[in-house]
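The shown structure was predicted, so the numbers you read here are calculated from the model rather than taken from an experiment. Each chain gets a letter, A, B and so on, in the order the sequences are listed, and its residues count up from 1.
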There are 2 protein chains.
Amino acid sequence: MGRPALIDRDVVLATGLAVADDHGLDALTMAAVAARLSVTPMALYRHVANKADLLDGIVELLLTEFPPPPVGPWADRLTALADAIRTSAQRHPAVFPLLLQRPATTPRARRARTSVYWALKDAGVAADRIEQTERLISTAILGFAVSEAAGRFRHHSRRQLDADFAQLQALLGSFIESESQIAGAGPGGEGAPG
Amino acid sequence: MGRPALIDRDVVLATGLAVADDHGLDALTMAAVAARLSVTPMALYRHVANKADLLDGIVELLLTEFPPPPVGPWADRLTALADAIRTSAQRHPAVFPLLLQRPATTPRARRARTSVYWALKDAGVAADRIEQTERLISTAILGFAVSEAAGRFRHHSRRQLDADFAQLQALLGSFIESESQIAGAGPGGEGAPG
DNA sequence: ACCTGAACACCGTTCAAGT
DNA sequence: ACCTGAACACCGTTCAAGT
């Protein structure tokens, strides 16, 4: 067998993300990633198939930043997840928009989606309405996070955007309650008894 | 003075859009656009400053496809606009996502935004709530249209996505009504009298 | 097994030159 | 004024070669 590896796939992806964070998506080239790793561009091809695979891997890496939601009432769990998504977008504005371009079928994407499913179940949403409800709220949250990260709101103040995001979360919260089968379900844990 | 022009900015932008529609964003190169116009790549630089300017111009061209909404009740006008946005996204999936990356400060973008303002005013939304309300509904509609165009929903059926979009529009409609200061304002023209 | 060096087709962009 | 031809730095990717 050969010599010890200098790099592996994970550091290639993490380095690619760092390059994009620091200098933008246009600056994310194979040569730039390689230079950060003190390695030849061609060395990367043992760890990623090509540049598209590198981008896919970086998007996948982004999903890692969405922490498992805390235990607690369903509304708190969804709020925490939405805040984590927005924070991740702010931290990685160059690559975050790519998230909209990949179907969420990888294990990590499924994990994030499943935690939303559980929250909606606890909120009292009917089983056959959970998937559609998840798509609606995820799309709205991602749409905001991407818009903010990509610069569509660049002429608005941070204070204004915080208020916008809070309003969006409130709207989605009341939508979920309207879908709830639990009479008078508030943002509590398992809904009102009886 | 010189010789008659073979091309102008509008045909360069339209040709760029056509290349992206036919072969994707990666295939949208200066050389490809020039070839379609039977011209040298360098000839394009008299009409667009550089490739970024070409992309900006194409995004601007997209806004042209949003027709002025019909006269009628505010809800019908907003529905028509939302449908036009989604249709444009479906027709131009490669470039539509770029719309999220530009602040809507150009005249054409402002025109589209203004027609939403008027609809919200007619719906009875308070003057100091109109701009935030417009951002919320535009972000949700654009988020859906971009997600669909960019492929995030590629594993879902057309029928399912139609239902999702209808549900999103219904949610936004009831949100607007909840913001209305006109008691019992339905989706009618100018709200209930008195 | 992992990395390097040389090479290729292609890309955006410039500059000076033609009409 | 508008377009062309030649040229440059850079990009993704291949292949054969080194250890």
Side-chain angles (χ1 to χ4, degrees), chain A residues 1-61 92 94-95 97-98 101-102 150-151, chain B residues 1-61 92 94-95 97-98 101-102 150-151:
Chain A
M1 35 224 77
R3 52 176 165 180
L6 294 178
I7 56 179
D8 60 24
R9 181 172 232 262
D10 283 341
V11 326
V12 170
L13 300 181
T15 304
L17 179 58
V19 169
D21 288 347
D22 290 353
H23 303 108
L25 197 58
D26 287 344
L28 175 53
T29 67
M30 302 298 274
V33 175
R36 272 219 192 195
L37 292 167
S38 303
V39 125
T40 309
M42 296 71 79
L44 304 179
Y45 284 86
R46 190 149 306 266
H47 307 283
V48 296
N50 47 41
K51 191 175 177 185
D53 184 41
L54 172 67
L55 291 173
D56 283 352
I58 290 174
V59 170
E60 186 71 8
L61 188 59
H92 309 293
V95 296
L98 300 179
Q101 323 219 9
R102 320 256 90 233
Chain B
M1 39 224 75
R3 56 174 161 180
L6 294 177
I7 56 178
D8 61 25
R9 180 171 233 261
D10 283 341
V11 326
V12 170
L13 301 181
T15 304
L17 179 58
V19 169
D21 287 347
D22 290 352
H23 302 109
L25 197 57
D26 288 344
L28 175 52
T29 68
M30 301 300 274
V33 174
R36 273 219 191 196
L37 292 167
S38 302
V39 126
T40 310
M42 295 72 80
L44 304 178
Y45 284 87
R46 190 151 306 266
H47 307 282
V48 297
N50 48 40
K51 190 175 178 185
D53 184 41
L54 172 67
L55 290 173
D56 283 352
I58 291 174
V59 170
E60 187 72 8
L61 188 58
H92 310 292
V95 296
L98 300 179
Q101 321 218 9
R102 321 254 90 235

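In summary, A:D26 and B:K51 do not engage in a salt bridge, as defined by a charged side-chain N under 4.0 Å from a carboxylate O.
For the pair A:L54 CG and D:dC11 P, the computed distance is 14 Å after rounding to whole Å. The interatomic distance linking A:K51 (NZ) with C:dC10 (P) rounds to 18 Å, in whole Å. Atom C1' of nucleotide D:dG12 and atom CG of A:L44 are separated by 11 Å, given to the nearest angstrom. Atoms CG (B:N50) and P (C:dT13) sit 5 Å apart, rounded to a whole Å. Atom CG of A:L25 is separated from atom P of D:dC11 by 13 Å (rounded to the nearest Å).
Nearest nucleotide to the B:M42 side chain, out of D:dT13, C:dT13, C:dG5: C:dT13. Ranking D:dG12, C:dC3, D:dC2 by closeness to the A:T29 side chain, first place goes to D:dG12. Taking the side chain of B:Y45 as heavy atoms from C-beta on, and the options C:dG12, D:dT4, D:dT13, the nearest nucleotide is C:dG12. With distances taken from any side-chain atom of B:A31 to the nucleotides C:dC11, D:dC11, C:dT4, the minimum falls on C:dC11. The A:M30 side chain lies nearest to D:dG12 when the options are D:dG12, C:dT13, D:dC3.
B:H23 and B:R36 get closest at one heavy-atom pair: CE1-NH2, 4.1 Å.
Annotation: of the two residues near DNA chain C, B:A52 and A:I7, the 5′-most nearest-nucleotide partner is A:I7. Comparing A:A49 and A:D26, the nucleotide of DNA chain D nearest to each residue sits closer to the 5' end for A:D26.
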- Task: Dot-bracket for DNA chain C, please, read 5' to 3', with Watson-Crick or G-U wobble pairs under 3.5 Å on both distances, ( ) within the strand, [ ] crossing, | other strand, . unpaired.
- Result: ||.|||||...|||||.||
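Considering only side-chain N and O atoms, B:H47 lies nowhere under 4.0 angstrom from the phosphate OP1 or OP2 of D:dC2.
At the heavy-atom level, A:A43 lies under 4.0 Å from base atoms of the strands shown.
Judged by distance alone, with hydrogens and angles left aside, the side-chain atoms of A:D8 form a donor-acceptor pair with the main-chain N or O of A:V11 at under 3.5 Å. Although no hydrogens or angles enter the test, the distance criterion places no donor-acceptor pair under 3.5 Å between the side chain of A:D10 and the main chain of A:L13. Checking side-chain atoms of B:T29 against main-chain N and O of B:A32 turns up a donor-acceptor pair under 3.5 Å.
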- Query: Should A:L54 and A:M30 be marked as a side-chain contact (heavy atoms from CB on, under 4.5 Å) after you check the CA-CA gap, both sets of side-chain angles, and the distance that decides it?
  - Reply: CA-CA 9 Å; A:L54 172 67; A:M30 302 298 274; 4.0 Å; yes
- Task: Quick one: do A:R46 and A:I7 satisfy side-chain contact (heavy atoms from CB on, under 4.5 Å)? Show the steps, please.
- Result: CA-CA 10 Å; A:R46 190 149 306 266; A:I7 56 179; over 6 Å; no
